[in-house]
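Below: the structure, in structure tokens.
Start at 1 and go down the list; that is how both ligands and their atoms are numbered.
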Amino acid sequence: MTTDLDKLGSDWLSRIDAAADLAALEAERVAALGKQGAITGLLKTLGGMSPEERQTAGPRIHALRESVTDAIAAKKAAFEAAELERKLATETLDMTLPVLSAPQGSVHPVSQVMDELAEIFADLGFAVATGPEIEDDWHNFTALNIPESHPARAMHDTFYFPGESEGKRMLLRTHTSPVQIRTMTSQEPPIRIIAPGRTYRSDSDATHTPMFHQVEGLVIDRGIHMGHLKWTLETFLKAFFERDDIVLRLRPSYFPFTEPSAEVDVGYSVEKGRRVIGGSEGWMEVLGSGMVHPKVIAACGLDPDEWQGFAFGCGIDRLAMLKYGMDDLRAFFDGDLRWLRHYGFASLDVPTLSGGVGA
Ligand code: 2U9
């Protein structure tokens with residue numbers, strides 16, 4: 001029995017070794033381990049054995065099945081690795097080649113909106129600032145007057161990295177505000193920036209994706225007040241939605257990093273059964289804003305008695321949906337060309353203030 005099983009084992013291992021491709025390997029697997037397979041058949045004989053026989057034969061047959069299973073898995077992994085190597089070697093893509101025919105894709109609506117924002121705010125004297133998406137606790141929370149106990153810090157909202165890096169707890173930024181903190185700690189005021197970019201929150205449903213895009217704006221100077229904030233947002237929204245009948249309503253609100261804080265509603269009207277920005281048939285919440293909290297100014301090493309500022313934030317995905325009449329956030333991540341074409345995006349769209357930012 002022992003020698004028979006040894007012989008059987010080495011026969012199967014050499015058959016597996018000789019399999020020329022994945023299909024041949026699969027045929028060997030079925031022949032050995034399938035429902036009607038040889039080793040499966042051997043396992044079935046255990047039922048008819050005496051307890052003594054089974055005690056010696058059982059472990060040997062199981063060991064045989066295990067070694068054959070392992071050999072098949074290893075051979076399969078080797079075939080797959082070789083296939084990947086072959087693909088990597090043959091399927092090269094030269095990214096520097098010119099396009100052969102008319103380009104198929106287009107600038108993504110989110111990128112398009114980011115370009116439009118940069119264009120509009122550049123005209124108002126704002127620079128575009130960027131920063132790391134992997135941040136530390138201090139830049140993302142502490143400097144923004146978000147205390148340890150604040151719900152935004154809870155594990156269910158923030159993606160934390162395990163362990164620490166140079167004594168710091170690292171995370172995926174939950175907003176682009178750390179970019180403004182980095183600007184305030186590295187540049188002298190006056191500061192006028194917008195910070196567009198990717199942000200991350202552990203949140204996923206029909207209207208939330210774990211990665212989303214935000215734009216925030218920050219102005220730091222002497223004598224800044226809410227009037228500057230309202231004018232800036234009104235001017236921005238008029239340019240962005242390409243309408244003059246933009247009406248704003250500032251509602252008192254609370255954010256830890258601004259005081260006072262205001263939620264900004266924009267008037268909408270109904271055209272062809274659709275809500276469009278402009279007019280005043282109803283109100284839609286579009287932005288959050290406020291005067292930068294003195295504690296935030298002080299945390300960045302500036303004297304809040306000398307320097308004041310305003311800040312605002314909003315979701316870029318939402319801005320794109322409102323401007324282009326898109327109703328499903330999930331389509332943003334599908335990469336479906338038909339969707340881009342449906343909304344009229346062309347390959348070489350470039351926003352300009354003279355040609356229209358949405359042209
Ligand atoms: C600094 C000081 C203040 C940024 C601000 C908001 C209000 C706001 C949300 C809108 C929708 C984010 O995408 S959203 O979830 N943001 O309402 N953000 S004020 O305030 C700052 C930022 C940086 C140094």
Side-chain angles (χ1 to χ4, degrees), residues 110 113-114 117 121 126-131 135 138-146 150-152 157-158 172-187 189-205 207-221 224 226 228-230 232-233 236-237 248-266 284-302 304 307-322 329 332:
V110 168
V113 168
M114 285 196 190
L117 293 166
F121 278 101
F126 286 65
V128 172
T130 56
E135 267 294 359
W138 189 82
H139 287 92
N140 195 80
F141 290 128
T142 314
L144 286 149
N145 190 35
I146 303 176
H150 196 279
D157 265 333
T158 309
L172 288 175
R173 67 181 184 193
T174 58
H175 44 193
T176 58
S177 313
V179 176
Q180 288 96 289
I181 295 294
R182 288 181 182 277
T183 307
M184 285 170 74
T185 54
S186 64
Q187 287 177 27
I191 290 168
R192 279 191 294 271
I193 51 164
I194 57 164
R198 291 181 170 173
T199 52
Y200 303 83
R201 286 185 202 177
S202 172
D203 205 351
S204 188
D205 59 35
T207 54
H208 296 88
T209 48
M211 187 281 291
F212 58 106
H213 301 84
Q214 258 193 3
V215 63
E216 291 191 355
L218 176 75
V219 168
I220 303 283
D221 207 335
I224 297 293
M226 294 281 280
H228 297 118
L229 165 67
K230 188 167 187 242
T232 304
L233 293 180
F236 151 59
L237 291 166
L248 294 192
R249 182 173 80 172
L250 268 63
R251 257 183 309 109
S253 185
Y254 170 80
F255 302 110
F257 29 80
T258 47
E259 181 58 37
S261 305
E263 234 131 7
V264 184
D265 296 341
V266 183
M284 219 183 272
E285 187 187 319
V286 174
L287 295 120
S289 66
M291 300 305 294
V292 180
H293 199 295
K295 279 190 179 174
V296 174
I297 294 184
C300 295
L302 297 171
W307 302 105
Q308 299 78 42
F310 69 75
F312 56 89
C314 77
I316 293 184
D317 313 85
R318 182 161 156 73
L319 278 182
M321 289 169 85
L322 285 174
L329 181 64
F332 279 70

Which residues share a side chain to side chain donor-acceptor pair (under 3.5 Å) with Thr174, sequence neighbours left out: Asn140
Quick one: list whatever passes side chain to side chain donor-acceptor pair (under 3.5 Å) with Thr185, sequence neighbours left out. none
Quick check for you: to the nearest 0.5 Å, what is the distance between Arg251 atom CZ and Ser289 atom OG?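 Going from CZ on Arg251 over to OG on Ser289, the span is 10.5 Å.
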Hey, can you pull the donor-acceptor pairs under 3.5 Å for the side chains in residues 311-319, sequence neighbours left out?
residue	atom	partner	partner atom	Å
Asp317	OD1	His213	N	2.8
Asp317	OD2	His213	ND1	3.1
Arg318	NE	Glu285	O	3.4
Arg318	NH2	Glu285	O	2.5

Between the side chain of His175 and the main-chain N/O of Ser177, is any donor-acceptor distance below 3.5 Å? no
Candidate list His139, Met184, Arg173, Gln214, test side-chain contact (heavy atoms from CB on, under 4.5 Å), partner Val179, passing option: Arg173
Find all protein N or O atoms under 3.5 angstrom from an N or O atom of ligand 1 and list the pairs with distances, or write 'none'.
residue	atom	partner	partner atom	Å
ligand 1	13 (O)	Gln214	NE2	3.0

